[in-house]
2 protein chains.
Amino acid sequence: MKPTMKDVARAAGVSVMTVSRAFRRDASISATTRDRIRAVADELGYVLDSVASNLRSQRSGFVAVVIPSINNANFADTVGALTTEIEAAGMEVLLGRSNYDMAEEERLIGQLLRRQPEALVVTGGRHTDRARQMLAGAGIPVVETWDEPARPIGHTVGFSNAAAAAMMVGHLAERGYRRIAFIGGDSSFDTRGADRRRGFVAAMEARGLDASRLITVGPPPVSMREGAAAMAMLLDTLPDTEAVMAVADPAAFGAMMECARRGISVPGDMAIAGFGNFEIAAVAEPSLTTIDPFPARIGAETGALIVRRLRDGAGDGLGDGLGDGVPTLIRVEPQLVVRASTGADIFPDGAITSPWLPRSA
Amino acid sequence: MKPTMKDVARAAGVSVMTVSRAFRRDASISATTRDRIRAVADELGYVLDSVASNLRSQRSGFVAVVIPSINNANFADTVGALTTEIEAAGMEVLLGRSNYDMAEEERLIGQLLRRQPEALVVTGGRHTDRARQMLAGAGIPVVETWDEPARPIGHTVGFSNAAAAAMMVGHLAERGYRRIAFIGGDSSFDTRGADRRRGFVAAMEARGLDASRLITVGPPPVSMREGAAAMAMLLDTLPDTEAVMAVADPAAFGAMMECARRGISVPGDMAIAGFGNFEIAAVAEPSLTTIDPFPARIGAETGALIVRRLRDGAGDGLGDGLGDGVPTLIRVEPQLVVRASTGADIFPDGAITSPWLPRSA
DNA sequence: TCAAGGTATGGTATCGTTAACAAGTCCGTC
DNA sequence: GACGGACTTGTTAACGATACCATACCTTGA
């Protein structure tokens, strides 16, 4: 049927071992033999079977990554940068999407672990008990990203979503807004969104402001459409609201469009802020104040961390979710990006970024 | 080190064969034995090694999918629907991204084929010669999506991008626009974008209109920012342009925002149309006329086709890129979605959809 | 009571590759 | 001219699971 190394070996008049060497980087083989074997293999339509290769060498060559959604520029940027790092090290990324669902995440993790990944990256710090157990017992480096878990399983590359939301509350309060609302999704699904809401409430209360203007739409992702619907509801029920903070930029944009439809000026009558620094935040008119979590940096740091661990820590630290016994915490600090939607009069020339504010803010 | 079936078998006092059966669906094993073995396996932290399983059974259980970008709602919708179908059949999706680069696509296809996928899905109908050769010789069902290839390799689920673009030209011409421009990316990369441009030019010329207003920005994806930059260039160099058709909705939105910044009314002074029916097209103010290619339907049809082929055609048709010798062509007809950006006066209540126009349009 | 058939379990070979070790070849050097 | 070392190639066994076949036991019906 399909040719194997044995067929190639016979056709080329060498042993299978030599054929194997012809398809590997480090192998000691003469250039002439390698070229001849490759030509014969091409002729036969031979394709290396990496399933067999992985079994024998006990190396799968891939890193499993679980993200909530593949249609989200933030996660896409993280995965993109991560993939670049992983591929530079000669490995591949195996992607799974959880649909913001912890049960689905658990199922995915189980499936992925069966394929013997060399490391596993998850998004967020909250998981089902069984998922935690599988991750901790996997015997490979585990990285939780986009969050600072209360109980880290292995390594962490992320930031505090609550603190980042508090930073935005600080900005709005400094600009003089008092009646501030929050638009977000169903908190039992999107833990990062829930953390941002938590940070919003805590920061508002710390300033003595009313933290009860919370508009909850359906399960994540909170889309543009839902942002518009939430803004409509807000305007109908709490028309004296001065500013709105959305769980993410698309929802903020939807809210802004609803204002446009109703003839409500942004930021004149209503300030709007988002989260994520999606492309739309910079392009929209008016441009959108947001928080940049540096998704690509998260991915790059995660990739570099994994490559480092796999190179240095090979063989040790099984069963601890670390791969080498030393848990790493890499903080990627988000940055406030002030644009027109929260005060065009002060920032007419485009974006102004502020440094990370203290946690107490 | 890590426990294998042998360890589980010893601990449970059964043979490895019985342990194997305890982890499979169809296997003939008593419920009591299975539960006992599973409990023992859990205790030991045993995880099935699907690498070994795949090698022995010669079934990998996954379908490889190559898309240009993971951060594109259209492709994400296709992959989402495809994944649903594939997982319903007990298989998994292995995703690769080509960055709109045919050379990278070729590399990816080579990598993916080594992992013995049971089917392979690619985006678009143009590939390097070597990629074509690999696909045709893979001996598994191959599906080209999002396009109607000139020379199909295997099955096709898609539509003519050129005809869809022509449909949009028809709409704009009917609305009375004559000086129509096209904004697109570097055509050597994004073949679908190039086809849309080709369709634009052909349809314009067929109507005796000037088809030379072509603004080319960088390589794909053509982002919102690039759409805005292209519109700026257009307004500076060809200020008498009446309508703009963008290669995709994000670019159209960017163009619209540039108009907003310059105080140019859409559609009053300038009509704008996009492609893809992204969420932003419905939410933006004004809403955006576009073409809906039904990405989810493409994914669902592709998945159903693959599942059918794998069930029916097992074992035959090796080496033809089909999996069973009968090439299938499934047309998913795009639909024109008329919204405010090309004539709010006529369509004040929201979107109006028109049926597929004939090819000659 | 016994044959026939079904169910549950075990033994052995094998999937296609690579690790580990062995051995042959060629070269320069003293 | 013999020897050490570098380089290249070959032999054998094994990775961890499942296909295939064999077998023991249990049920059923004449």
Side-chain angles (χ1 to χ4, degrees), chain A residues 1-38 40-41 44-62 90 111 113-118 139 314-315, chain B residues 1-38 40-41 44-62 90 111 113-118 139 314-315:
Chain A
M1 226 56 152
K2 236 165 48 168
T4 71
M5 275 193 179
K6 205 189 269 184
D7 301 314
V8 177
R10 194 178 308 120
V14 294
S15 70
V16 286
M17 203 52 228
T18 305
V19 178
S20 174
R21 291 192 178 105
F23 283 95
R24 280 182 290 167
R25 304 211 148 276
D26 58 334
S28 69
I29 185 172
S30 74
T32 45
T33 312
R34 185 186 55 228
D35 294 346
R36 186 165 54 85
I37 292 176
R38 289 214 174 168
V40 170
L44 295 177
Y46 170 74
V47 175
L48 180 73
D49 184 340
S50 56
V51 173
S53 166
N54 293 345
L55 175 60
R56 179 56 184 120
S57 65
Q58 295 292 80
R59 295 198 60 240
S60 68
F62 71 74
Q111 288 291 320
L113 284 180
R114 289 183 166 197
R115 296 202 184 269
Q116 315 296 119
E118 308 199 11
Chain B
M1 225 61 152
K2 236 165 47 169
T4 71
M5 275 196 179
K6 205 188 269 184
D7 301 312
V8 177
R10 195 177 307 121
V14 294
S15 72
V16 287
M17 215 35 241
T18 306
V19 177
S20 173
R21 291 190 178 104
F23 283 94
R24 279 182 290 167
R25 303 211 149 276
D26 59 333
S28 73
I29 185 172
S30 73
T32 46
T33 312
R34 185 186 53 227
D35 293 347
R36 187 165 53 85
I37 291 176
R38 290 214 176 168
V40 170
L44 294 178
Y46 170 74
V47 176
L48 180 74
D49 185 339
S50 56
V51 174
S53 167
N54 293 346
L55 175 61
R56 180 57 182 111
S57 66
Q58 294 293 80
R59 296 199 58 240
S60 68
F62 71 75
Q111 288 291 320
L113 285 180
R114 291 183 164 198
R115 296 201 184 270
Q116 314 296 120
E118 307 200 11

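Residue numbers start from 1 in every chain, and the chains themselves are labelled A, B, ... in the order their sequence lines are given, proteins ahead of strands.
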Participant: Rounding to a whole Å, what distance do you find between B/D49:CG and D/dA14:P?
Facilitator: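 That distance rounds to 18 Å.
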
Participant: Among A/D35, A/V40, A/T33, exactly one meets side-chain contact (heavy atoms from CB on, under 4.5 Å) together with A/I37. Which residue is that?
Facilitator: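 So, applying the side-chain contact (heavy atoms from CB on, under 4.5 Å) to A/I37 and each of A/D35, A/V40, A/T33, only A/T33 qualifies.
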
Participant: Rounded off to whole Å, could you give me the CG-to-C1' distance for the A/L55 and C/dT14 pair?
Facilitator: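 Atom-to-atom, A/L55 to C/dT14, this comes out as 12 Å.
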
Participant: Is the phosphate of D/dG16 approached by A/Q58 (side-chain N or O, under 4.0 Å from OP1 or OP2)?
Facilitator: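 Yes, within the criterion.
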
Participant: All N/O contacts under 3.5 Å from nucleotides 7-11 of chain C to the protein, with atom names and distances to one decimal?
Facilitator:
unit_1 : atom_1 : unit_2 : atom_2 : d
C/dT9  : OP1    : B/T33  : OG1    : 2.7
C/dT9  : OP2    : B/S30  : N      : 3.2
C/dG10 : OP2    : B/S15  : N      : 3.0
C/dG10 : OP2    : B/S15  : OG     : 2.9
C/dG10 : OP2    : B/T18  : OG1    : 2.3
C/dG10 : N7     : B/R21  : NH1    : 3.3
C/dG10 : O6     : B/R21  : NH2    : 2.8

Participant: Under the salt bridge (charged side-chain N to carboxylate O under 4.0 Å, His left out) rule, collect the residues that match up with A/R59, sequence neighbours excluded.
Facilitator: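 If we apply the salt bridge (charged side-chain N to carboxylate O under 4.0 Å, His left out) test to A/R59, skipping adjacent residues, the hits are A/E118.
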
Participant: Can you measure B/L48 atom CG to D/dC15 atom C1' for me and round it to whole angstrom units?
Facilitator: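 After rounding, the gap between these two atoms is 14 Å.
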
Participant: Send over the distance from A/D7 CG to C/dG16 P, rounded to a whole Å.
Facilitator: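 Result: 9 Å.
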
Participant: Can you tell me the distance, in whole Å, between the CZ atom of A/R56 and the P atom of C/dT17?
Facilitator: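 In whole Å, C/dT17 P lies 14 Å from A/R56 CZ.
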
Participant: Looking at D/dG16, D/dT18, C/dT17, which one has an atom nearest to any side-chain atom of A/T4?
Facilitator: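 Among D/dG16, D/dT18, C/dT17, the one nearest the side chain of A/T4 is C/dT17.
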
Participant: Please find the pair of heavy atoms, one from B/L44 and one from B/P3, that lie closest to each other, and give the distance.
Facilitator: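 Reported closest heavy-atom pair: O-CG, 3.5 Å.
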
Participant: Taking only side-chain nitrogens and oxygens of B/R114, does any of them come within less than 4.0 Å of OP1 or OP2 of C/dG16?
Facilitator: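 The answer is no; no side-chain N or O of B/R114 sits under 4.0 Å from OP1 or OP2.
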
Participant: Based on the rotation axes of five pairs at each end, what angle does the helix from C/dT1-D/dA30 to C/dC30-D/dG1 bend through, to 10°?
Facilitator: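 Overall, the helix from C/dT1-D/dA30 to C/dC30-D/dG1 bends by 40° from one end axis to the other.
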
Participant: Mind listing the closest non-hydrogen atom pair of B/V19 and B/M5 along with its distance?
Facilitator: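 Smallest interatomic distance, heavy atoms only, reads CG1-CG, 3.9 Å.
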
Participant: For the pair made of CG in A/N54 and C1' in D/dA14, what is the distance, rounded to whole Å?
Facilitator: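 It is 16 Å, rounded to the nearest whole Å.
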
Participant: If a pair satisfies side chain to side chain donor-acceptor pair (under 3.5 Å) and one of its residues is in residues 4-19 of chain A, list it, with sequence neighbours excluded.
Facilitator: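 Matches after skipping sequence neighbours: A/S15-A/T18.
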
Participant: For residues B/Q116 and A/K2, determine if any side-chain heavy atom of one lies less than 4.5 Å from a side-chain heavy atom of the other.
Facilitator: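 Yes, at least one pair of side-chain atoms sits under 4.5 Å.
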
Participant: Below 4.5 Å, heavy atoms only, C-beta onward: do B/R115 and B/S60 meet side chain to side chain?
Facilitator: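 With C-beta onward as the side chain, the pair stays apart.
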
Participant: Regarding B/Y46, tell me which of base, sugar-phosphate or nothing describes its non-hydrogen contacts under 4.0 Å with the strands shown.
Facilitator: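 It contacts sugar-phosphate atoms only.
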
Participant: Quick one: side-chain hydrogen bond (donor to acceptor under 3.5 Å, both in side chains) partners of B/S28, sequence neighbours excluded?
Facilitator: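 Expected list: none.
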
Participant: Can you measure A/M5 atom CE to C/dT17 atom C1' for me and round it to whole angstrom units?
Facilitator: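 Going from A/M5 (CE) to C/dT17 (C1'), I get 6 Å.
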
Participant: Please collect all side chain to side chain donor-acceptor pair (under 3.5 Å) contacts where either partner lies in residues 49-58 of chain A, sequence neighbours excluded, each pair once.
Facilitator: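 Listed by first then second residue: nothing to list.
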
